[in-house]
Amino acid sequence: MKTTPRRFDYVTLDVFTETRFGGNPLAVFTAAEGITDAEMQALAAEMNYSETTFVLPPADPANTARVRIFNRTAEMPFAGHPNVGTGFVLAGLRRDVGDTLRFEEIAGLVEIRIERDEMGQVLGAEIDAPQPLQLLGTLPVPGIAACLSLDPADLVTDTHVPTRATLGVDFVFVQVTEEALGFARPDIAAYQRLAEQEHATRLSIFLYAREENRIRARMFSPLTGTWEDPATGSANATLGALLLSLGEGDRFEVRQGVEMGRPSSLTVRAWNTPEGIRGSVAGRCVPVFRGEVEL
């Protein structure tokens, strides 16, 4: 018996940029009811972006939506650019949502504040990570240097050694020299050795060079299918919280994706709360494609 095809609309956009084909691309399925878990994962792999989001009705009607986030190989508990981009898309499609959105996600509730121009057009968004800062331990300098094809002397350890931290999804934060940032390359064998040694399945390494509140960054996560990421909102928000915990400031301007030819601009804030240090990341977005998938 022939079944009726199911059709689902999606849009793509570039996040953390004001220029099309810059920033970090994202696909958003704006009404994903009826798509199975396996189909979501297959669609994310087919899109081949660092993440794809699927918008569902919220469990609590006080919230805007339930948002599921998939990378190429697995579902994510939280991520930065998918929330900025999905907030941008929904605020443009649904004027009833207003300028403050709340997304239900595995890691918790994510608040999104929409930025508009004087005509009311959506420009971008700022998101608050769903959890306070958690420090998850340190990793050995030689092992991290090998993962990045660097000499241990290229790592800067005056402020902190390589540190695992999370605001909802964990990264390893590594400060390097400006020169080393440009020629770092993932060594997949070294990644696999260190991941096994440290029992770390993701081992997503966020490396950065810093001059006061200006940061240049890259992020490698080859074990999750992302060789390099053009703009990693969740990692940047977590770095801001980590630096605040070390007394290194609370506002930062970040450039990422330059080496990939997809320059991205992110604004990061961190602040103290009774529950711990929280962080946010903000940026602008540019629409790219619209389409339909038949399943």
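Computed from heavy atoms alone, side chains included, the values below leave out hydrogens, waters and symmetry copies.
Hydrophobic clustering, with ILVMFWY side chains joined whenever heavy atoms are under 4.5 angstrom apart, keeps Ile127 apart from Leu123. In terms of hydrophobic clustering, with Ile, Leu, Val, Met, Phe, Trp and Tyr side chains grouped at heavy-atom distances under 4.5 Å, Phe171 and Leu148 are assigned to different clusters. Note on Val55 and Leu43: separate hydrophobic clusters, where clusters join Ile, Leu, Val, Met, Phe, Trp and Tyr whose side-chain heavy atoms are under 4.5 Å apart, directly or indirectly. The cluster map of Ile, Leu, Val, Met, Phe, Trp and Tyr, joined by side-chain heavy atoms under 4.5 Å apart, puts Leu244 and Leu133 in the same cluster. In the hydrophobic clustering of this structure, Tyr49 does not group with Val28; members are Ile, Leu, Val, Met, Phe, Trp, Tyr whose side-chain heavy atoms approach within less than 4.5 Å, directly or through other members.
A pairwise comparison of heavy atoms in Asn63 and Pro58 identifies O-CG, 3.4 Å as the closest pair. For the pair Leu155 and Ala145, the tightest heavy-atom approach, listed with the atom from each and the gap, is CD1-CB, 4.1 Å. Across all their heavy atoms, Glu259 and Leu181 have their closest contact at OE2-O, 4.3 Å. Scanning all heavy atoms of the two residues, the minimum distance from Pro162 to Val174 falls at CB-CG2, 4.0 Å. When all heavy atoms are compared, the tightest approach of Ser204 to Ser221 is OG-OG, 2.7 Å. Of all heavy-atom pairs between Thr86 and Leu26, the closest is N-CD2, 3.9 Å.
Rounded to the nearest 0.5 angstrom, Ser50 OG and Glu228 CD are separated by 11.5 Å. Atom CD of Gln131 sits about 12.0 Å away from atom CG of Leu109, to the nearest 0.5 Å. One distance of note links OG of Ser264 with CG of Asn236; it measures 9.5 Å at 0.5 Å rounding. Rounding to the nearest 0.5 Å places CD1 of Ile215 at 8.5 Å from CD of Gln175. Atom CZ of Arg185 is separated from atom CG of Leu150 by 9.5 Å, given to the nearest 0.5 angstrom. To the nearest 0.5 Å, atoms CG (Leu223) and CG (Leu203) are separated by 6.0 Å.
Leu139 places a side-chain heavy atom less than 4.5 Å from the side chain of Arg164. With a 4.5 Å cut-off on side-chain heavy atoms, Phe78 and Val110 count as touching. A heavy-atom distance below 4.5 Å is not found between the side chains of Leu167 and Pro132. Counting heavy atoms from C-beta on, the side chains of Met260 and Asp229 never come closer than 4.5 Å. Counting only heavy atoms from C-beta outward, the side chains of Trp271 and Ser280 approach each other to under 4.5 Å. Side-chain atoms of Val67 and Glu104, non-hydrogen and from C-beta on, never get closer than 4.5 Å to each other. Counting heavy atoms from C-beta on, the side chains of Phe206 and Leu239 come closer than 4.5 Å. Contact annotation: the side chain of Phe16 never approaches that of Val254 to less than 4.5 Å [non-hydrogen atoms, C-beta and beyond].
Within the structure, salt bridge (charged side-chain N to carboxylate O under 4.0 Å, His left out) pairs that include any residue of residues 128-154 comprise Arg113-Asp128 (at least two apart or interchain). Under the salt bridge (charged side-chain N to carboxylate O under 4.0 Å, His left out) criterion, no residue pair touches residues 40-67, with sequence neighbours excluded. Among residue pairs with one or both ends in residues 261-289, those qualifying as salt bridge (charged side-chain N to carboxylate O under 4.0 Å, His left out) are Asp14-Arg262, Glu18-Arg284, Glu115-Arg284, Glu126-Arg269; sequence neighbours excluded.
Within a 6.0 Å sphere centred on CZ of Arg116, heavy atoms belonging to other residues, nucleotides or ligands number more than 12.
Under the side chain to side chain contact (heavy atoms under 4.5 Å, CB included) criterion, Glu33 pairs with Leu56, Pro57, not counting sequence neighbours.
A donor-acceptor contact shorter than 3.5 Å links the side chain of His81 to the backbone of Pro25. For Thr232 (side chain) and Ala235 (main-chain N/O), no donor-acceptor pair under 3.5 Å exists by modelled atom type. Between the Asp170 side chain and the Thr166 main chain, no donor and acceptor come within less than 3.5 Å of each other. Under the 3.5 Å distance criterion, the side-chain polar atoms of Ser245 are left unmatched by any main-chain donor or acceptor of Leu243. Remark: side-chain polar atoms of Thr73 are paired, donor with acceptor, to backbone N or O of Thr224 under 3.5 angstrom. In this structure, the side chain of Thr19 does not engage the main chain of Gly22 through any donor-acceptor pair within 3.5 Å. Glu75 places no side-chain N or O within 3.5 Å of a backbone atom of Asp37 that could act as its donor or acceptor partner. At distances below 3.5 Å, at least one donor-acceptor pair connects side-chain atoms of Arg218 with backbone N or O atoms of Ala184.
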N/O donor to acceptor pairs below 3.5 angstrom from side-chain atoms of residues 288-295, sequence neighbours left out:
{"unit_1": "Glu294", "atom_1": "OE1", "unit_2": "Arg7", "atom_2": "NE", "d": "3.4"}
{"unit_1": "Glu294", "atom_1": "OE1", "unit_2": "Arg7", "atom_2": "NH2", "d": "3.1"}

Per-pair distances, 0.1 Å, donor-acceptor, side chain in residues 186-200, under 3.5 Å, sequence neighbours excluded:
{"unit_1": "Asp187", "atom_1": "OD1", "unit_2": "Ala189", "atom_2": "N", "d": "3.1"}
{"unit_1": "Asp187", "atom_1": "OD1", "unit_2": "Ala190", "atom_2": "N", "d": "3.1"}
{"unit_1": "Tyr191", "atom_1": "OH", "unit_2": "Phe220", "atom_2": "O", "d": "3.2"}

Requested in this report: Starting from the C-alpha separation in whole Å, work towards a yes-or-no answer on side-chain contact (heavy atoms from CB on, under 4.5 Å) for Tyr10 and Thr30.
Outcome: CA-CA 6 Å; Tyr10 70 90; Thr30 53; over 6 Å; no

**Report entry** Derivation of the side chain to side chain donor-acceptor pair (under 3.5 Å) call for Arg72 and Thr226
**Finding:** CA-CA 8 Å; Arg72 295 174 178 90; Thr226 298; 2.9 Å; yes

Query raised in the report: Given Val172 and Arg202, is the side-chain contact (heavy atoms from CB on, under 4.5 Å) satisfied, shown in steps?
Result: CA-CA 10 Å; Val172 179; Arg202 279 176 46 81; over 6 Å; no

Report task. Please step through side chain to side chain donor-acceptor pair (under 3.5 Å) for the pair Gln256 and Asn24, ending with a clear verdict. Result -> CA-CA 10 Å; Gln256 191 180 337; Asn24 199 350; over 6 Å; no

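Using cut-offs of 30° and 60° on the angle between ring planes, the pair Phe54 and Phe29 is parallel.
Looking at Ser265 and Glu253, their side chains never bring a donor and an acceptor atom within 3.5 Å of each other. Side-chain polar atoms of Glu105 and Asn83 form a donor-acceptor pair below 3.5 angstrom.
With respect to Glu248 and Arg210, a salt bridge is recorded, a charged nitrogen being found less than 4.0 Å from a carboxylate O.
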